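Chain identifiers are assigned alphabetically (A, B, ...) following the order of the sequence lines, protein sequences preceding nucleic acid strands; residue numbering begins at 1 within each chain. As the structure is a computational prediction, the values presented were derived from the model and not from experiment.
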There are 2 protein chains.
Amino acid sequence: MSDFTKTRGYAIGEMSKSTGVNIETIRYYERIEIMPKPDRTAGGNRQYNHDQLKRLSFIKRSRELGFSIEEIRALLTMVDRSDFTCGEVHSMTTEHLASVKEKILALHRLEHALETMAAECGRGDVPDCPILDTLFEVGVAT
Amino acid sequence: MSDFTKTRGYAIGEMSKSTGVNIETIRYYERIEIMPKPDRTAGGNRQYNHDQLKRLSFIKRSRELGFSIEEIRALLTMVDRSDFTCGEVHSMTTEHLASVKEKILALHRLEHALETMAAECGRGDVPDCPILDTLFEVGVAT
DNA sequence: TCTTGCATCTGTAGCCGCTACAGATCGCAT
DNA sequence: ATGCGATCTGTAGCGGCTACAGATGCAAGA
């Protein structure tokens, strides 16, 4: 493919295939204004350019890294204004990292609790179960 | 407090305080039918009994352990019918445990990616940032 | 040129698990 | 009797999509 073909732009389906972002989601991103309104063909179909492809793939990666839409919006706003320092981006990232670490800890506690319950369970064919017993205990200290 | 006072039942606010479940959420649980319709006072306020308190606290604990509402509904349905074996409960639990472990793995990968990005970042006062660069790379293999 | 058939369009409603109102009523203490 | 907090119903919103319906666009083959 030459650069020439590229200048025709990308249809939404191509954007979707390139980035792995669902078509409906791309339109959703436009609605919530983290993607710009693209050009349209004479008939009204969306036509994206390479910058927009890059932007969408940025969003996709960031989502995969667990950034919220609002975090991504903040990053993109800074980028759009060319109004950011590397330090700012770094601190957003480490902040997000901290919340990821917290989630991991919470899940580990959960894992432990579930494992304990499962271990205490004889899993017999009897209608009686230490797991349910545990879950049904009414908390004492309120 | 004697058993006598208890027979008057619990107001929704007491249920909320005892279990830590938000009042609005208790009503929501009633609407989606994982909590039964409680008695009402003459004036129409909800009056719960001890079984219902136990049930709500069961739901709370299960939610804290990450069970979905539908999983909880399944558990409670079995309990209501007295139609379960310990083995069934055990397998629901271990299934859920597996999905928790998966989430932990995914978050660890994420943690690693974020740490790598952050480490490469000089966090200077300059308007240029390896984190953004990484995020903006357009995927090659599509 | 016409047709076929996939791609895309807009708009709206639904998903989960709550949460947050508004505006009315209840119920308990003084 | 009155004041005021607790509770009531009903509805709409959150995040982040996803799933329609029903109408068009567009490109390739006959």
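A/I32 comes within contact range of no nucleotide atom at all, as no heavy-atom separation falls under 4.0 Å. Across all strands shown, A/R46 has heavy atoms under 4.0 Å from sugar-phosphate atoms exclusively, and none from any base.
Closest to the B/S68 side chain, of the nucleotides D/dG16, C/dG17, C/dT10, is C/dG17. Listed nucleotides: C/dC18, D/dC26, D/dT18. Nearest to the side chain of A/N22: D/dT18. The side chain of B/I69 lies closest to C/dC18 when the candidates are C/dC18, C/dT8, D/dC17.
Counting to the nearest Å, the P atom of D/dT7 and the CG atom of B/D39 are 16 Å from each other. Atom-to-atom, CD of B/E24 to C1' of D/dC8 comes out at 11 Å; the value is rounded to the nearest Å. The separation between A/E14 atom CD and D/dG25 atom C1' is 15 Å, rounded to whole Å. For B/Y48 and D/dT7, the OH to P distance is 10 Å, given to the nearest whole Å. Rounding to whole angstrom units, CZ of residue B/R40 and P of D/dA6 are separated by 18 Å. Look at CD1 on A/I23: it is 14 Å from C1' on C/dT10, rounded to the nearest Å. As rounded to whole Å, 9 Å separates atom P of D/dG16 from atom CD1 of A/I34. Regarding A/I72, its CD1 atom lies at a distance of 13 Å from the P atom of D/dG15, rounded to whole Å.
Between the side chain of A/E14 and the backbone N or O of A/A11, at least one donor-acceptor pair lies under 3.5 Å.
For A/R31 and C/dC9, the shortest distance from a side-chain N or O to OP1 or OP2 is not below 4.0 Å. Note on B/Y28: every side-chain N or O is 4.0 Å or more away from OP1 and OP2 of C/dC16. Remark: B/R27 is not in phosphate contact with C/dG17, judged by side-chain N or O atoms under 4.0 Å from OP1 or OP2. Taking 4.0 angstrom as the limit, A/T25 places a side-chain polar atom (N or O) nearer than this to OP1 or OP2 of D/dT18. The side chain of B/Y29 places an N or O atom within less than 4.0 Å of a non-bridging phosphate oxygen (OP1 or OP2) of C/dC18.
Between A/H108 and B/H108, the two ring planes are tilted [angle within 30° to 60°].
Using modelled atom types and a 3.5 Å distance limit, the side chains of A/H112 and A/E115 yield no donor-acceptor pair.
Within 6.0 Å of the CG atom in A/D125, the count of heavy atoms belonging to other residues, nucleotides or ligands does not exceed 12.
Only one option out of B/M15, B/K37, B/R40 pairs with B/R46 in a side chain to side chain contact (heavy atoms under 4.5 Å, CB included); it is B/R40.
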